[in-house]
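One structure is given here, and the rest of the page talks about it.
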Amino acid sequence: WKCTNCGSDLAVFCDFAHKNRQTCNLCVKSVVNGLTGVVQLSGMSMGGLMPKLRFAFAILLFCILMTTGCESSASLSAIKADIDAGQYEKALYDLDAMIGKKDNLEARYYRAFVNLKLNRFEQAKRDYSAVLSEFEKLPLDFDREAFFAKYPFATKALEEYFELVCPFEKSQYGSKGYRAGDFSYPDEVFDEAKRICLVYEKLVPKAPISRLMFGKAHLVKGWPIPGYNNISVYCESNPDDKMAIKWRADAAREFFTTVTDPRVFQRLKLGIIRDYETAIEAMPNNAAVLHSRAVYYFLANETDLALKDLRDALALDDKFAPAYFDLALVIKDTGRHQQAFDYFTKAIEYAPDFIEPYYHRAHLVVSIYSPYGLRSTGIEGFANSREANEFARKDIEAILKYIDDSYDVWSLYGDVWRNLSNSKEGVKAYTKAIEYNPKSHNAYYRRGDGYGLLGEYEKAFEDLRMAESLADDLDSQYYLYWFTL
């Protein structure tokens, strides 16, 4: 940066927020001397002050003047022009200054938008929420024409806030086709998504877009029936939105197997197939749509059709991780362990934040390289059981970075430590597994086994008794070794 006063390249006294007021050492000294002179001319005697105090006083006056001079006087139209030009930092500074002088709902919206563009999501959420709260206060009979004349950005703000809050794109229904490791949708976030939809409905009654948002919020939460119903309402008035038609099929496939009425069941299946065909016809090069239909075919026990869609999806995009993952699941069940392992590995390679392949790859390895493993075929690259289980351990630890409340993950982690003859770590893992599923006889049995190997026989006996009480279908002979010991 150059000095704004003399053009020197030695600018050191800077307003870092605005980045257009920089002053070099010489100019700072000149201003300080000038201010000292002003003070002296005003009749105040500075001669009696200590030099450091005199300098500090002058610097204080200088900073006051600099601050006053740097206040933004940019208009909202100028700020919008900066936003359109991609000058987000400058726009943010001016918006902060504007809101600091007088709170302005439109300025708050644009500040939320700028923070969103700068990936400052928490800051964006605060301003979007403030805008939402103001809209929420409107009476039911408010003058909509006057409102939208004053706040033309209103619906756009709510749509942007919804996309920020609802993790739809990180779910298996998004464009990536899988649930990302950092997917999170706690109840309070779902409640905020619903709140956005309700306010949108208040601003624009019977708006199809609010029903689509309702549907997406419910579908991602794991409630496919209200998801299906709301998305269907949107699709009726927006038949050209083929992606929404695909989402309707996604919602229906999640619950069609639970329908008991044969006529409703058949009608729902035909609707799913029709919707997927419509979406594929409109988006023939979209691997995610083909993969979604493959998932439906798996649920409908039409494995051959599912495999064809998966292979067609990979023909369109040979890095589409979910297709590799589902292929691996099918192939694993046929006993082709090496090929399944390779497909799990490809899924992880192309989508490192896709958690499920890590778990299933580790499970495959542990099931082969364990005292009770399959041992029919090995996997290339592992010299022995220890090396294989160390590999599985790393897979599970990759999962635990994202998810630490899963019984299945902790139980498998315990199995790995058991295979590695580390009973102490195994007991810890099984304890976590029991925390998330206290009715698992298997976790109690294996933790009891670990306690026994550690010589803690009272704890072992207690766990084995608990396992026996939980496993009504197992003979007590299953636990005979430790009981007799």
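What you see is a predicted model; the values in this text were computed from it and never measured. We use all heavy atoms of the structure for the numbers below, so side chains are in, but hydrogens, waters and symmetry mates are not.
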Worksheet item: Can we say Glu89 and Arg120 salt-bridge, meaning some charged N sits less than 4.0 Å from an Asp/Glu carboxylate O?
Response: yes

Item to complete: Answer yes or no: is there a donor N or O on one side and an acceptor on the other, between the side chain of Lys202 and the main chain of Leu138, under 3.5 Å?
Response: yes

Discussion item. Whether the side chain of Arg386 engages the backbone of Leu420 through a donor-acceptor N/O pair (distance < 3.5 Å, no angle test) should be reported.
Written reply: yes

Worksheet item: Can you name the residues that form a side chain to side chain donor-acceptor pair (under 3.5 Å) with Arg248, not counting sequence neighbours?
Response: Asp275

Worksheet item: Do the side-chain N and O atoms of Tyr178 and Asp353 include a donor-acceptor pair separated by under 3.5 angstrom?
Response: yes

Practice prompt. Could you tell me how the ring of Tyr109 sits relative to the ring of Phe153: parallel (under 30°), tilted (30 to 60°) or perpendicular (over 60°)?
Written response: parallel

Discussion item. Between Asp342 and Lys346 (salt bridge meaning N to carboxylate O under 4.0 Å), is one present in this structure?
Written reply: no

Discussion item. Nearest 0.5 Å, please: how far is NZ in Lys432 from CG in Asp405?
Written reply: 9.0 Å

Item to complete: Might you point out which heavy atoms bring Ile231 and Gly215 nearest each other, and give the distance in Å?
Response: CG1-CA, 3.8 Å

Worksheet item: Atom NZ in Lys117, atom CD1 in Ile83: separation rounded to 0.5 Å?
Response: 10.5 Å

Practice prompt. May I ask you to say whether Lys394 pairs ionically with Glu397, meaning some side-chain N is under 4.0 Å from a carboxylate O?
Written response: no

Discussion item. Can a donor-acceptor pair be found, under 3.5 Å and without considering hydrogens, that links the side chain of Ser411 to the backbone of Asp408?
Written reply: no

Worksheet entry | Main-chain N/O of Asp404 paired with Tyr436 side-chain donor or acceptor, under 3.5 Å | yes

Worksheet item: At what distance, to the nearest 0.5 angstrom, does CG of Asp250 lie from OH of Tyr228?
Response: 12.5 Å

Worksheet item: In terms of heavy-atom contacts, does CD of Glu380 have more than 12 from other residues, nucleotides or ligands at under 6.0 Å?
Response: no

Response to the item:
So CZ of Phe325 and CD1 of Ile355: to nearest 0.5 Å the spacing works out to 11.0 Å

Worksheet item: Are Glu159 and Tyr200 close enough that a side-chain donor and a side-chain acceptor fall under 3.5 Å?
Response: yes

Fill in: For the student: nearest non-hydrogen atoms of Ala130 and Leu105, plus distance
O-CD1, 4.5 Å

Worksheet item: In Å, rounded to the nearest 0.5 Å, how long is the span from CZ of Arg179 to NZ of Lys170?
Response: 12.0 Å

Worksheet item: Is there a side-chain contact between Leu299 and Phe256, using heavy atoms and a 4.5 Å cut-off?
Response: yes

Discussion item. The criterion is side chain to side chain donor-acceptor pair (under 3.5 Å); which residues satisfy it with Tyr161, sequence neighbours excluded?
Written reply: Glu192

Fill in: Glu468 CD to Tyr444 OH distance, which is reported to the nearest 0.5 Å
14.5 Å

Worksheet item: Can you check whether Pro352's main-chain N or O pairs, donor with acceptor, with Tyr358's side chain at less than 3.5 Å?
Response: yes

Worksheet entry | Ionic contact status for Asp312 with Lys308, cut-off 4.0 Å | yes

